[in-house]
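Only one structure is covered here, and it is reproduced in the block below.
As the structure is a prediction and not an experimental result, all values here were calculated from the model.
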Number of protein chains: 2
Amino acid sequence: MTNVDSTSGDIVASLGHLTLGSRLKRLGERLQGETTRFIQAQGIDLPSSWFPLLAALDRGEATVGELAEALGVSQPGVTRSVANLAGIGLVQVATGDADRRRRTVRLTGEGAALVERARRELWPRIDAAVAEACAGLEGSLLEQVGVLERRLDEVPIDRRAAAVATVPPVPPAPMAPVTAGSRP
Amino acid sequence: MTNVDSTSGDIVASLGHLTLGSRLKRLGERLQGETTRFIQAQGIDLPSSWFPLLAALDRGEATVGELAEALGVSQPGVTRSVANLAGIGLVQVATGDADRRRRTVRLTGEGAALVERARRELWPRIDAAVAEACAGLEGSLLEQVGVLERRLDEVPIDRRAAAVATVPPVPPAPMAPVTAGSRP
DNA sequence: TGCGATTAGATAACAGGTTATATAACCTGT
DNA sequence: ACAGGTTATATAACCTGTTATCTAATCGCA
């Protein structure tokens, strides 16, 4: 169970924007952790942080660099995630034949099946739960962060997701392969 | 230099609230990193993440548990930070005499001097820089996060802090908010 | 044709957050 | 008075993000 409670950070609050970085990081970790807990409760033992990569690959194969660009994370981060996913057989990696520096990543059958299932059973409920927690937030970023922290103290994401009554419809099927957006 | 740019996360955006956790975490890390860069440029070699703890201690000594509670971080996190700060002589730790399980942390002279200097020279500018980056953000949390990511792509916190023209007056002991500048 | 610059990815090291668990001190009830 | 539960802290292990740097492949061009 979560042991840290946000209802008492008067010092943090008094420091205002000085601590925004740390607060955002913690809040993000909390969301990830609670989401992962929900996923596990659904019988899938995979950290929530791997799903964006899987979702990206569900649009089609991509190189490491393209994934980093598309997901907005650093290249070493992608390299490590891909290694993890490959290690459990959800993706497979091939060295490019035209340019042998490139490594092309694609979902395996198992990976595609998992994405399919997650898209149907997991993501809509997670999305709904987070959306619910964020619903009606107003004011400055700092204020919204504070309110969200308190709301999660009351009901964490996994409980919200578990309580989603009617599972919303599947989000529309993806289409285009991953392209690294226009170079700025 | 920063290599990740937020202007292309179309996949991330399409996943909506599913990736909010990861985005918040990255955004927080980015704020911390850029702030630390500014602090270093000012000749102080200390990660920005340690300042909340120092600020808390500037209000008076406290135990590990009280600090965790006040800062909203986990107890092991405080233990580690305190060990780091003690290692460089900014705080000192004493075993409680009434209850010998408790460990009371307080600033050393050097630590207090550093806080004093930071309060004068650093924090107002950091606060102003972050406030400026966040100024006028509107809409849902998700939208605000997106806009903030893009603003930081344009001008990172350390550049904003370095550009703060007139250093605002020293905030009194419980810090007063530093008012933000106008939107870019 | 070959050499220097650039690019893609891998690797290593670090940061700062977490959870789980171990340890030691304290408290309480019989 | 002591056995057992509770509490405060420490320790260990892990996760996922980062930067910095190394290697190998490709490209550009004299």
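Against DNA chain D, the stretch residues 86-97 of chain B makes no heavy-atom approach under 4.0 Å.
In the set D/dT26, C/dA25, D/dA12, D/dA12 carries the atom at the smallest distance from any side-chain atom of B/Pro76.
Contact annotation: B/Thr79 does not reach the phosphate of D/dT9 (side-chain N/O to OP1 or OP2, under 4.0 Å). Close to D/dT16, at under 4.0 Å from its OP1 or OP2, lies a side-chain N or O of A/Ser49. A/Arg103 has no side-chain polar atom (N or O) that falls below the 4.0 Å cut-off from OP1 or OP2 of C/dA8. One finds no side-chain N or O of B/Trp50 lying less than 4.0 angstrom from the OP1 or OP2 phosphate oxygen of C/dA15.
A/Thr63 comes within 4.0 angstrom of sugar-phosphate atoms only, judged by non-hydrogen atoms across all strands, and of no base. Residue A/Ser81 is out of contact with every strand shown, counting any heavy-atom pair closer than 4.0 Å. Residue contacts shown for B/Gly65 are limited to sugar-phosphate atoms, with no base heavy atom under 4.0 Å away.
Within 6.0 Å of CZ in A/Arg106 there are 12 or fewer heavy atoms belonging to other residues, nucleotides or ligands.
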From CA spacing to verdict: side chain to side chain donor-acceptor pair (under 3.5 Å), B/Thr63, B/Thr104: CA-CA 4 Å; B/Thr63 67; B/Thr104 299; over 6 Å; no

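Protein atom CG of B/Asn84 is 13 Å distant from nucleotide atom P of D/dA10, rounded to whole Å. Atom CZ in A/Arg26 sits about 18 Å away from atom P in D/dG17, given to the nearest Å. Computed from coordinates, the A/Glu34 CD to D/dC15 P distance equals 18 Å when rounded to whole Å.
In summary, the side chains of B/Thr36 and B/Gln32 do not present any donor paired with an acceptor at a separation below 3.5 Å, with no hydrogens or angles considered. Between the side chains of B/Ser22 and A/Ser49, no donor N or O sits under 3.5 Å from an acceptor N or O.
D/dG4: Watson-Crick or G-U partner is C/dC27, with both key distances under 3.5 Å.
Ion pairing between A/Arg125 and A/Asp158 fails under the 4.0 Å rule for side-chain N and carboxylate O. Under 4.0 Å is where a charged nitrogen must lie from a carboxylate oxygen, and between B/Glu34 and B/Arg160 no such pair does. A salt bridge links B/Arg30 with B/Asp153: at least one charged nitrogen is closer than 4.0 Å to a carboxylate oxygen.
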Polar atom pairs between nucleotides 4-7 of chain D and protein, under 3.5 Å, N or O only, would you list them?
unit_1, atom_1, unit_2, atom_2, d
D/dT7, O2, B/Arg101, NH1, 2.7

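Where B/Arg80 and A/Arg80 each meet DNA chain D at their nearest nucleotide, the meeting point lying more 5' is that of B/Arg80. Sequence order on DNA chain D of the closest nucleotides to B/Thr104 and A/Asp99 puts B/Thr104 first from the 5' end.
Among all heavy-atom pairs drawn from B/Leu57 and B/Val105, the shortest one is CD2-O, 3.5 Å. In terms of heavy atoms, A/Ile39 sits closest to A/Leu46 at CG2-O, 3.9 Å.
Checked options B/Ile126, B/Val130, B/Ile157; the residue passing with A/Leu20 is B/Val130 (criterion: side-chain contact (heavy atoms from CB on, under 4.5 Å)).
A donor-acceptor contact under 3.5 Å is not formed by the side chain of B/Gln75 with the base of D/dA8.
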